[in-house]
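Report on the following structure.
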Number of protein chains: 2
Amino acid sequence: MDALDERRKKILCAIIQSHIDFNIPIGSFFITQKFSLGLSSASIRNTMVKLEEQGYIMHPHTSAGRVPTEKGYRFYINALLEEKILSGGTEVSQELSARLIFTGKDNIRVVEEAAKTLSLYSHYLAIAIPPKTESILLKRIKFIKYEERKALAVLISEDGAVNNKIIELDKIYSQKQLDKAANYLNARFKGLTLTEVRGKITDQLYEDKTTCDQLIADLAALCREIIFSETDDLALNVLSGASNLTDFATMRQIKEILTAIEDKQFMLKLLNQLSNSLGTQVFVGVENVIPALKELSMVISTYNNRKYAGGAIGIIGPTRMNYKKLIPVVDYTAKALTKVLSG
Amino acid sequence: MDALDERRKKILCAIIQSHIDFNIPIGSFFITQKFSLGLSSASIRNTMVKLEEQGYIMHPHTSAGRVPTEKGYRFYINALLEEKILSGGTEVSQELSARLIFTGKDNIRVVEEAAKTLSLYSHYLAIAIPPKTESILLKRIKFIKYEERKALAVLISEDGAVNNKIIELDKIYSQKQLDKAANYLNARFKGLTLTEVRGKITDQLYEDKTTCDQLIADLAALCREIIFSETDDLALNVLSGASNLTDFATMRQIKEILTAIEDKQFMLKLLNQLSNSLGTQVFVGVENVIPALKELSMVISTYNNRKYAGGAIGIIGPTRMNYKKLIPVVDYTAKALTKVLSG
DNA sequence: AATTAGCACTCAAAAGTGAAGAGTGCTATT
DNA sequence: AATAGCACTCTTCACTTTTGAGTGCTAATT
């Protein structure tokens, strides 16, 4: 019973497109005026009754026009996605591709820039979730002497991200000694994910306590701490265009969104959920993601760097957003990000 | 004519306190019920007329109670500040001081933690502005070889903050060569502020082009870029409790606040303005800071690290916030921050 | 002279009323 | 099968009425 004949499809799309453009319930007469379907308003009404029976549109009240349901939007978006895959989304505007040329920036800055572009372009809220610790590969550990008993520990990851922290030492060590310790640790841990490093350091420590010098054991423990604090702490989700929220969200929704984004647990869960399927995804009525966000939608895509550490970037806006334009934009942006971070 | 006799003071404070607690216009009868002033509502009305003439309170309309004006709030807050200076704000809750023990955290994390504490404690929006580039002192420059033609440049500042960036090099250099270059630059720039370094590098470059090797000149130019990008980029203002906004701000105000905070220029200006006077400051009706934020207030305090690089931390809430509780809280937090960052 | 009780008055907010208009569903017609 | 015609429904908007809180003034009281 969910099949739609050509006429129903056309009328459904006309309703949704009109609703996106004008944000009002759409009546049968309205459709006859805006589209040349060669049908009278009465015929359109008949079709509308059927579309309503099938659950694609609904009626706020007797004398109102029709509004698309979530099911209606999903149909519309699926139709779009199929189309877009064919056309390859190549006609993304020059403006966008010009903005997405990142030169000489940190990785985190690149992601910030991409999010900012998305928010400017969509006038909605852009969010970016950085890669999970579990998938970050360690490239190099380095200790820099800083004061008598203080050193800066630097953990560089394969994708160029850097964690650093000032650590305190029991004794006074020379830079040479610190280098030696770093070399030792590099030899053992290079190429592992941070999570693996964290686990391995614990095992290693027992082994080393007897064989190696105290310094290495101390430094290893400190590195472990750094990785831990990184994992625990809010993974610094990137937000851009928060001030746009007031243009499309209610007070209640703004609160829900801001609360969710401040909640690192939630963001991690979301990222996990996203990683299950690739490419650009659309959540219509994000209540499966954030409860109580019925009239909002999310267009989001995962991005990767060379070594498959994946984050996500996308936008949150009203369900009646311009998917036709914005799905390719998010898609293109995520791909541009992947390209830069891998190169 | 601005002098207030004892009765007027008492009634003004009663009005303000009631308005803070109940958020409604306060009538004369209301005051007689909530406070034992030994006066009838008629007498209170008479005093109210005088307070209104003096501009401390106002009348939304004929049949409404009185609401404090900005002038009224300022009087009230000044009275509080005098009181609090005497009592020294020592009775800040144990809960707060327990939360403000920061152990083993990065400086930026410490500031984040403090902001979070403020937002949790006040249920308003907490903001923190990190120290200005102009006042950050350079402690050490270090280059770490990263790939064939890539190195990580690390700029450590006197207060322990670290900027880093991956830089690309024309030729292949050994770690030793990089160390040599770093030593040279350290000798020249250590102890200067980043702004000074930025300026000096330009002069130095001409000088060095002839005398020194190419590597040093290149690296110096790159350092300059790092400092520039740091200055230009949003100084990563710390926000906490954004979701509280919906509880006290209107849509319009939320938009204004979020826009202001996303605007780095604005935040710098604000920080400059704050630095002019020390200690905890209260802006009643922050329209001198953010236009169109009439009914909001800001309690904010500057903090410092050892070498006088100053940032600011505070809260934004409704003008009718509980100053009695929150002024000491902000004050205490900023002082705790100063203590940690200086130690 | 200061305070207070009494009371008419004002005005915002809430509740009620009626007309207008948009859009429907049904039916008879083409 | 498609459509014109029409009665019907229900929101929206402008308008009026009612209510009640709180005032300002005046006359009485201490």
Side-chain angles (χ1 to χ4, degrees), chain A residues 3-69 72 295 320, chain B residues 3-12 14-69 72 250 295 320:
Chain A
L4 293 178
D5 60 33
E6 208 48 43
R7 173 180 295 180
R8 288 185 202 179
K9 273 187 198 171
K10 264 192 186 146
I11 291 179
L12 176 56
C13 286
I15 293 169
I16 294 178
Q17 198 55 55
S18 304
H19 189 251
I20 287 175
D21 292 344
F22 299 97
N23 196 21
I24 45 168
I26 305 301
S28 52
F29 185 70
F30 190 100
I31 296 285
T32 64
Q33 297 298 299
K34 297 277 170 186
F35 298 82
S36 321
L37 298 177
L39 288 172
S40 73
S41 65
S43 304
I44 291 175
R45 277 204 290 286
N46 284 331
T47 311
M48 281 174 159
V49 171
K50 287 170 197 152
L51 281 169
E52 188 163 5
E53 278 168 5
Q54 290 180 283
Y56 289 102
I57 55 180
M58 58 164 275
H59 233 176
H61 55 84
T62 341
S63 73
R66 257 59 173 222
V67 166
T69 60
E295 275 125 53
R320 47 168 289 284
Chain B
L4 293 178
D5 61 32
E6 208 49 42
R7 174 181 295 180
R8 288 184 202 180
K9 274 187 199 172
K10 264 191 186 147
I11 291 179
L12 177 56
I15 292 170
I16 294 178
Q17 198 57 56
S18 304
H19 188 251
I20 286 174
D21 292 344
F22 300 96
N23 195 21
I24 43 169
I26 306 302
S28 53
F29 184 71
F30 190 100
I31 296 286
T32 63
Q33 297 298 298
K34 297 275 170 185
F35 298 82
S36 321
L37 298 177
L39 287 173
S40 73
S41 64
S43 302
I44 290 175
R45 276 204 290 285
N46 285 331
T47 311
M48 280 176 160
V49 170
K50 288 170 196 153
L51 281 170
E52 189 163 3
E53 279 167 5
Q54 291 181 283
Y56 289 101
I57 55 179
M58 58 163 274
H59 235 176
H61 56 85
T62 340
S63 71
R66 258 56 174 222
V67 166
T69 60
T250 63
E295 275 126 54
R320 46 170 290 280

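Atom-to-atom, CD1 of A/I31 to C1' of C/dT24 comes out at 15 Å; the value is rounded to the nearest Å. Regarding A/I24, its CD1 atom lies at a distance of 13 Å from the P atom of D/dT12, rounded to whole Å. Nucleotide D/dA4 holds its P atom 10 Å from the CZ atom of A/R45, rounded to whole Å. Across the protein-nucleic acid pair, A/F29 atom CZ and D/dA4 atom P stand 11 Å apart, rounded to whole Å. Rounded to whole Å, the distance from CZ on B/R8 to P on C/dA2 is 12 Å. For the pair A/H61 NE2 and C/dG21 C1', the interatomic distance rounds to 12 Å; values are reported in whole Å. D/dG24 atom C1' lies 14 Å from atom CD1 of B/I57, rounded to whole Å. In this structure, A/H59 places its NE2 atom 12 Å from C1' of D/dT11, rounding to the nearest Å.
A close approach under 4.0 Å does occur between a side-chain nitrogen or oxygen of A/R66 and OP1 or OP2 of C/dG25. Contact annotation: B/S63 side-chain N/O to D/dT23 OP1/OP2 distance is not under 4.0 Å. Close to D/dT23, at under 4.0 Å from its OP1 or OP2, lies a side-chain N or O of B/S28. Phosphate proximity of D/dA2 to A/R7: present, with a side-chain N or O under 4.0 Å from OP1 or OP2. Contact annotation: A/S40 side-chain N/O to D/dT3 OP1/OP2 distance is under 4.0 Å.
Under a 3.5 Å cut-off, the side chain of B/T69 and the backbone N or O of B/G55 do form a donor-acceptor pair. The backbone N or O of A/H19 sits less than 3.5 Å from a side-chain atom of A/R320, completing a donor-acceptor pair.
Heavy atoms only, all atoms of each residue included: B/H59 and B/G65 are closest at CD2-O, 3.8 Å. When all heavy atoms of A/T32 and A/L39 are compared, the pair lying nearest together is CG2-O, 3.7 Å.
Donor-acceptor pairing under 3.5 Å, judged by distance alone, is absent between the side chain of A/T62 and the base of D/dC10.
Residues B/P60 and B/S43 each lie close to DNA chain C; by heavy-atom proximity, the contact nearer the 5' end of the strand is made by B/S43.
Contact annotation: the side chain of B/I15 never approaches that of B/Y56 to less than 4.5 Å [non-hydrogen atoms, C-beta and beyond].
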